[in-house]
Amino acid sequence: MNAVEICHLYISMGHNFVGHHGLEPDTHPVIEVAEIECVAGRGIRGDRYFDFKDDYKGQITFFSLDVFGELCSAMQLQGCSPALARRNVITRDVDLNKLIGMEFDIQGVCFFGMEECRPCYWMDRAFTAGTHEFLKGRGGLRAKILCDGILRSTARRIEMQSSERAIASPFARERTG
């Protein structure tokens, strides 16, 4: 059991980069909220990925504030927000890559870590040149939502439990296949 801090929660009503290859990005704002409603198998109510695709592997995304700090230091960025990464849950004190292939629980909401939320070339535009390369291997976590619930940023310190049942998860086939 590891202590994890939820530092920020974000949603956006529209896609700025998905579907915009070769075009200018859209201008849908990322909105910081005090809580998000997680809906099993569907995503975050009010977010652009809610009901995006059946069984979508990125129903919710996580990003590390620790990695964001390293990025800002390495790229000499000042005054920018982790919202620029367009991830939903910004955490501290957890290695998100260790949750790939694992079932885990935060604030009573159960998730399954699907894969790294790989950075795309748009990160160079959102932050600065070189960001895409810097974030490879630490771009965050895509996860499926396994049960309904609310995540709150106001509950600053929470406990996260990794489940030993991950091997028995119905998503285990996707990891190996």
Side-chain angles (χ1 to χ4, degrees), residues 2 4-12 14-21 25 30 36-45 47-71 82-107 109-127 130-149 151 158 160-177:
N2 300 319
V4 176
E5 183 178 355
I6 294 181
C7 304
H8 304 279
L9 295 169
Y10 297 111
I11 60 171
S12 180
H15 297 276
N16 285 355
F17 303 111
V18 172
H20 290 85
H21 179 70
V30 173
I36 55 175
E37 181 184 356
C38 299
V39 181
R42 298 179 69 192
I44 300 168
R45 193 172 304 282
D47 187 66
R48 66 203 178 276
Y49 285 105
F50 188 77
D51 284 340
F52 181 62
K53 295 179 184 176
D54 286 340
D55 203 34
Y56 186 58
K57 58 187 163 188
Q59 296 165 4
I60 188 167
T61 56
F62 297 84
F63 188 62
S64 169
L65 193 62
D66 305 306
V67 170
F68 175 73
E70 292 172 19
L71 170 69
L84 294 174
R86 297 187 67 82
R87 307 295 193 255
N88 303 118
V89 182
I90 309 300
T91 64
R92 187 185 341 244
D93 298 333
V94 63
D95 182 347
L96 296 171
N97 286 341
K98 288 186 177 180
L99 298 176
I100 296 171
M102 299 293 296
E103 191 174 301
F104 61 98
D105 177 277
I106 299 177
Q107 296 180 353
V109 183
C110 195
F111 305 96
F112 187 82
M114 295 300 297
E115 65 183 13
E116 178 195 356
C117 192
R118 289 181 295 278
C120 67
Y121 67 90
W122 288 105
M123 287 293 190
D124 284 356
R125 183 156 180 176
F127 288 100
T131 301
H132 174 229
E133 191 64 32
F134 181 88
L135 289 178
K136 285 183 178 178
R138 52 189 172 168
L141 175 70
R142 290 182 194 274
K144 288 186 179 182
I145 301 170
L146 302 180
C147 72
D148 296 350
L151 288 184
I158 60 170
M160 183 180 73
Q161 300 171 353
S162 292
S163 170
E164 296 300 323
R165 298 183 316 261
I167 300 303
S169 169
F171 304 113
R173 289 183 308 276
E174 292 180 32
R175 284 197 324 272
T176 59

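Being a predicted model, the structure only gives us computed values, none of them experimental.
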Fill in the blank from the handout: The reported gap from CG in Leu71 to OG in Ser64 (rounded to nearest 0.5 angstrom) is 11.0 Å

Handout entry: Asn88 side-chain N/O to Thr61 backbone N/O, donor-acceptor pair under 3.5 Å
Key = yes

Handout entry: Worked check of ring pair (Phe, Tyr, Trp, His ring centres under 6.0 Å) between Tyr10 and His8
Key = CA-CA 7 Å; Tyr10 297 111; His8 304 279; 5.7 Å; yes

Completion exercise
SG of Cys7 to CZ of Phe68, rounded to nearest 0.5 Å, is 11.0 Å

Completion exercise
Minimal heavy-atom distance between Arg138 and Val67, with the atoms involved, is O-CG1, 3.7 Å

Practice task
May I ask you to test the Phe50-Val39 pair for a side-chain heavy-atom distance under 4.5 Å?
Solution key: yes

Handout entry: Shortest non-hydrogen contact between Met114 and Lys57, atoms and distance
Key = CG-O, 3.5 Å

Completion exercise
Here the pair of heavy atoms bringing Gln107 nearest to Ile6 is NE2-CD1, 3.9 Å

Completion exercise
Shortest non-hydrogen pair, Val30 vs Arg86, comes out as CG2-NH1, 3.0 Å

Exercise for the section: With the side chain counted from C-beta on, respond yes when Thr91 and Glu5 share a heavy-atom pair under 4.5 Å apart, and no when they do not. Expected result: no

Problem - Heavy-atom check, side chain of Asp66 versus side chain of Arg92, under 4.5 Å - result: yes

Handout entry: Glu133 CD: over 12 foreign heavy atoms closer than 6.0 Å
Key = no

Exercise for the section: Output all residues satisfying ring pair (Phe, Tyr, Trp, His ring centres under 6.0 Å) with Phe127, sequence neighbours left out; order by chain, then residue number. Expected result: none

Problem - Flag side-chain contact, heavy atom, 4.5 Å: Phe63 against Leu135 - result: yes

Exercise for the section: From the options Val89, Val94, Leu99, select the one residue that forms a side chain to side chain contact (heavy atoms under 4.5 Å, CB included) with Phe62. Expected result: Val89

Problem - Under 3.5 Å: donor-acceptor pair, side chain of Arg87, backbone of Ala85 - result: yes

Completion exercise
Taken in chain and number order and not counting sequence neighbours, the residues that satisfy side-chain contact (heavy atoms from CB on, under 4.5 Å) with Cys38 are Ile36, Ile60, Val109, Phe111, Ile145, Leu151

Completion exercise
Tightest non-hydrogen contact, residues Glu116 and Gly139, listed as OE2-N, 3.1 Å

Problem - Arg42 side chain to Asp55 backbone, donor-acceptor under 3.5 Å - result: no

Exercise for the section: Supply the atom-to-atom distance Arg125 CZ to His132 NE2, rounded to the nearest 0.5 angstrom. Expected result: 15.5 Å

Handout entry: Check: Cys110 and Glu103 side chains under 4.5 Å, non-hydrogen atoms
Key = yes

Practice task
Could you tell me which non-hydrogen atom of Phe104 sits nearest to which non-hydrogen atom of Gly113, and how far apart they are?
Solution key: CE2-N, 3.6 Å

Problem - Steps toward side-chain contact (heavy atoms from CB on, under 4.5 Å) verdict (Lys144, Tyr56) - result: CA-CA 7 Å; Lys144 288 186 179 182; Tyr56 186 58; over 6 Å; no

